[in-house]
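See structure below.
Lettering follows sequence order; numbering is per chain, from 1.
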There are 2 protein chains.
Amino acid sequence: MKLSTRSRYGLRAMLELALAYGTKPMQIRMIAEKQDISNKYLEQLIAIMRASGLVRSIRGPKGGYLLSKPPAEIKLSEIFTTLEGPMVAVDCLEHPEYCPRCADCVTRSIWADIQDAMMGVLEATTLQDLADKASSGADSADYRI
Amino acid sequence: MKLSTRSRYGLRAMLELALAYGTKPMQIRMIAEKQDISNKYLEQLIAIMRASGLVRSIRGPKGGYLLSKPPAEIKLSEIFTTLEGPMVAVDCLEHPEYCPRCADCVTRSIWADIQDAMMGVLEATTLQDLADKASSGADSADYRI
DNA sequence: ATATAAACTACCATTGTACTAGGAATTTAG
DNA sequence: CTAAATTCCTAGTACAATGGTAGTTTATAT
């Protein structure tokens with residue numbers, strides 16, 4: 001099981017915006033360069049996050065993107081579910097009617113446990129937490145994967 | 001993010017074998033019928049688990065499949081990683097050399113946390129645990145998803 | 001022998017991933 | 001007013017994974 005580039009690139013881009021928060025808008029090109037991500041591809045990922053309201057944009061020269069709220073108010077779970085889709089391991093977690101025996105299905109409860117475990121981590125961490133860690137260690141906002 | 005049918009079908013098949021453990025071999029057709037899974041597709045999934053040593057097979061009439069060890073000794077993590085591949089959220093968790101800044105990469109540590117959270121659940125549960133739960137509740141080894 | 005069942009091999013349609021390409025719309029600076 | 005910078009939008013594309021189907025071969029209990 002692998003995370004797609006969507007969440008990986010997306011989180012890195014958001015962290016970049018978090019580090020620039022309160023200064024000036026940051027352009028796609030700048031983010032893509034710093035993070036070594038395809039310009040055009042990142043454009044699409046950010047569009048998804050703009051649609052969900054996580055970031056806002058300013059057009060024209062000197063434009064770019066900004067977090068739409070302070071990093072401390074953005075939980076990683078928001079970013080993750082925006083990019084990766086609703087984090088449901090199996091459909092019957094959301095739609096119990098799909099399966100006549102959901103109530104006492106033992107495999108279902110395992111998938112639910114897994115999902116809760118993952119979301120627990122993502123709910124407990126904000127962009128601010130990441131930004132703090134990143135700026136404490138050298139210039140470590142700089143990674144490849 | 002979704003689990004593939006591989007782990008879902010696979011776990012259900014293994015649970016079926018766990019419930020039959022100690023009696024007689026169970027045929028693919030029987031499992032597929034009980035669980036409403038495509039016969040031929042399940043054949044492939046079980047082949048993977050046979051290759052990994054989780055089940056053994058007996059050919060010919062009255063043949064079928066058996067768990068190769070008692071259900072209490074089979075952790076869900078074994079089944080999961082067999083079917084879903086090594087559960088690494090991102091490559092640099094396994095290959096730190098991919099990224100020059102792994103040591104202080106803050107996003108990497110998040111993926112590591114998520115992975116640990118998931119594996120925690122899967123490591124803590126055995127097929128026996130599931131079988132116990134399943135046989136306590138009516139005939140609830142019977143689900144669709 | 002024969003029927004049963006696994007084992008193996010090959011194919012296929014659909015979807016998702018990770019991009020690339022090109023241009024249109026908007027805004028700022030000069 | 002114009003030119004440049006930037007976002008916004010739509011489309012296409014190569015590749016791999018997913019979720020199967022189909023047919024043949026091999027082993028074995030009776």
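- A distance of 7.0 Å separates NZ of B:Lys24 from NZ of B:Lys62, quoted to the nearest 0.5 Å.
- Across all strands shown, A:Ile28 has heavy atoms under 4.0 Å from sugar-phosphate atoms exclusively, and none from any base.
- Distance from the side chain of B:Tyr41 is smallest for D:dT21 among the nucleotides D:dC8, D:dT21, C:dA6.
- Of the candidate nucleotides D:dC8, D:dT6, C:dA5, D:dT6 has the atom lying nearest to any side-chain atom of A:Arg29.
- In the set C:dA7, C:dA18, C:dT20, the nucleotide with an atom closest to the side chain of A:Ser38 is C:dT20.
- Regarding A:Leu42, its CG atom lies at a distance of 12 Å from the C1' atom of C:dC19, rounded to whole Å.
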Legend entry - Audit row: B:Glu43, B:Asn39, side-chain hydrogen bond (donor to acceptor under 3.5 Å, both in side chains) steps and yes/no: CA-CA 6 Å; B:Glu43 198 179 307; B:Asn39 208 300; over 6 Å; no

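- Of the side-chain N and O atoms in A:Ser57, none sit less than 4.0 angstrom from OP1 or OP2 of D:dT6.
- In this structure, A:Val121 and B:Ala117 approach most closely via the heavy-atom pair CG2-CB, 4.0 Å.
- Between B:Met26 atom CE and C:dT4 atom C1' the separation is 17 Å, expressed in whole Å.
- Between A:Tyr9 and A:Tyr41, the ring planes lie perpendicular to each other; the angle is over 60°, past the 30° to 60° tilted range.
- Comparing D:dC9, D:dT6, D:dG20 against the side chain of A:Gln27 picks out D:dT6 as the nearest.
- Evaluated for a side-chain contact (heavy atoms from CB on, under 4.5 Å) with A:Ile74, the options A:Thr126, A:Leu54, A:Leu130 yield exactly one hit, A:Leu54.
- Computed from coordinates, the B:Asp36 CG to D:dG19 C1' distance equals 14 Å when rounded to whole Å.
- Expressed to the nearest 0.5 Å, how far CD of A:Glu84 lies from CG of A:Leu11 amounts to 11.0 Å.
- In this structure, CZ of B:Arg50 is placed 12 Å from C1' of D:dT26, rounded to the nearest angstrom.
- In terms of phosphate contacts, A:Thr5 brings no side-chain nitrogen or oxygen within less than 4.0 Å of OP1 or OP2 of C:dT17.
- Put simply, A:Tyr9 has a side-chain N or O that comes within less than 4.0 Å of OP1 or OP2 on C:dC19.
- Taking atom CG of B:Asn39 as the reference point, atom C1' of D:dT21 lies 11 Å away to the nearest angstrom.
- Atom C1' of nucleotide D:dA27 and atom CZ of B:Arg56 are separated by 15 Å, given to the nearest angstrom.
- For the atom pair CG (A:Asp129) and CG (A:Leu76), the distance works out to 7.5 Å, reported to the nearest 0.5 Å.
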Inset, instruction - Sugar-phosphate atoms are those with a prime plus P, OP1 and OP2; base atoms are the rest. Using that split, label each nucleotide of nucleotides 21-30 of chain C B, S or - for protein heavy atoms under 4.0 Å, 5' to 3'. - result: -BB-BBBB--

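- If you measure from atom CD1 of A:Ile48 to atom P of D:dC8, you get 13 Å, rounded to the nearest angstrom.
- Nucleotide C:dG16 holds its C1' atom 15 Å from the CG atom of A:Leu83, rounded to whole Å.
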